[in-house]
Amino acid sequence: LNKKISKSDLKFLITCADKDETGKMDLYEFSLMASVLHLISIDELHSLREVFTTFDLDGDGSIDVKELGRCMEKLGEEMTVKECEALISGADKDQDGEMSFFEFVVMVKQETMMEEMSEHEKEL
């Protein structure tokens with residue numbers, strides 16, 4: 001990965017990636033973690049983990065359609081079930097019907113990059 005990672009950050013990354021809670025990362029979890037580390041710093045990852053945790057209402061390590069809808073409603077952004085399903089489906093790389101933490105990070109980063117590109121185009 002060409003990054004120096006402290007032991008505590010490595011434990012944090014494994015906890016974030018280990019969706020099936022085996023204490024280990026499988027190949028899919030590792031590849032997703034590696035992809036995320038190319039997009040974002042460890043500090044940003046910690047911040048996004050806090051946001052993710054507020055959306056993960058049942059604490060199971062993923063965000064489902066129901067949780068997404070409730071959280072968006074609390075934020076004043078009403079979303080239909082179909083809109084929530086579409087958002088999760090777009091981020092759900094392993095197609096389990098839910099959004100894991102790293103899938104959430106990739107989605108947020110993609111949205112941020114799209115917004116930045118849009119702002120840059122307006123300046124041109």
Side-chain angles (χ1 to χ4, degrees):
L1 298 174
N2 276 345
K3 289 186 179 191
K4 289 187 179 188
I5 299 173
S6 71
K7 233 179 194 176
S8 64
D9 283 337
L10 184 57
K11 286 180 182 179
F12 169 72
L13 289 169
I14 292 170
T15 300
C16 291
D18 185 23
K19 187 175 177 183
D20 55 7
E21 298 181 349
T22 62
K24 301 174 184 175
M25 282 188 273
D26 61 27
L27 182 58
Y28 171 75
E29 292 166 337
F30 178 80
S31 62
L32 194 53
M33 179 205 65
S35 296
V36 164
L37 287 176
H38 285 288
L39 295 173
I40 195 167
S41 72
I42 294 285
D43 290 339
E44 290 174 295
L45 209 53
H46 280 282
S47 296
L48 283 175
R49 183 66 179 189
E50 289 179 32
V51 175
F52 179 83
T53 302
T54 64
F55 277 76
D56 180 18
L57 299 175
D58 62 9
D60 70 348
S62 61
I63 299 169
D64 62 26
V65 170
K66 195 174 182 181
E67 291 170 317
L68 179 61
R70 280 193 203 149
C71 289
M72 295 307 290
E73 187 177 327
K74 286 180 184 178
L75 293 171
E77 295 288 328
E78 298 269 342
M79 289 180 73
T80 67
V81 171
K82 284 194 183 279
E83 289 172 325
C84 291
E85 288 171 346
L87 188 72
I88 287 181
S89 177
D92 184 18
K93 303 301 180 200
D94 64 358
Q95 300 179 343
D96 65 354
E98 300 178 333
M99 190 179 346
S100 70
F101 173 61
F102 284 140
E103 290 168 338
F104 173 80
V105 170
V106 170
M107 180 199 67
V108 168
K109 193 63 179 175
Q110 286 174 336
E111 288 297 317
T112 303
M113 290 169 67
M114 293 299 287
E115 288 175 12
E116 289 172 357
M117 287 174 59
S118 178
E119 288 299 315
H120 181 70
E121 287 175 355
K122 287 179 185 175
E123 293 174 1
L124 297 176

Does anything in residues 99-110 form a side-chain hydrogen bond (donor to acceptor under 3.5 Å, both in side chains)? List the pairs, not counting sequence neighbours. Tyr28-Glu103, Ser100-Glu103
Return each pair, listed once, that meets salt bridge (Lys or Arg N to Asp or Glu O under 4.0 Å) where at least one residue sits in residues 66-94; pairs must be two or more places apart or across chains. Lys19-Asp94
What distance separates Met79 CE from Leu87 CG, expressed to the nearest 0.5 Å? 5.0 Å
Side chain to side chain contact (heavy atoms under 4.5 Å, CB included) partners for Leu13, two or more places apart: Ile5, Met33, Leu37, Ile42, Leu45, Phe102
Closest non-hydrogen contact found for Leu57 with Cys71 is CD2-SG, 3.9 Å
Check ring pair (Phe, Tyr, Trp, His ring centres under 6.0 Å) between Phe12 and all other residues, then give those that pass, not counting sequence neighbours. His46
Restricting to non-hydrogen atoms, name the atom on Ile63 and the atom on Ile88 that form the minimum distance, rounded to 0.1 Å. O-CD1, 3.6 Å
Sequence neighbours excluded, which residues qualify as side-chain hydrogen bond (donor to acceptor under 3.5 Å, both in side chains) partners of Ser6? Ser8, Asp9
Could you give the distance from CG (Leu48) to CE (Met107), rounded to the nearest 0.5 Å? 9.5 Å
Could you give all pairs that pass the side-chain hydrogen bond (donor to acceptor under 3.5 Å, both in side chains) test and reach residues 54-64, with sequence neighbours left out? Asp60-Ser62, Ser62-Glu98
Would you mind listing every salt bridge (Lys or Arg N to Asp or Glu O under 4.0 Å) that reaches into residues 28-50, with sequence neighbours excluded? none
With Phe52, which residues qualify under ring pair (Phe, Tyr, Trp, His ring centres under 6.0 Å), at least two apart? Phe101, Phe104
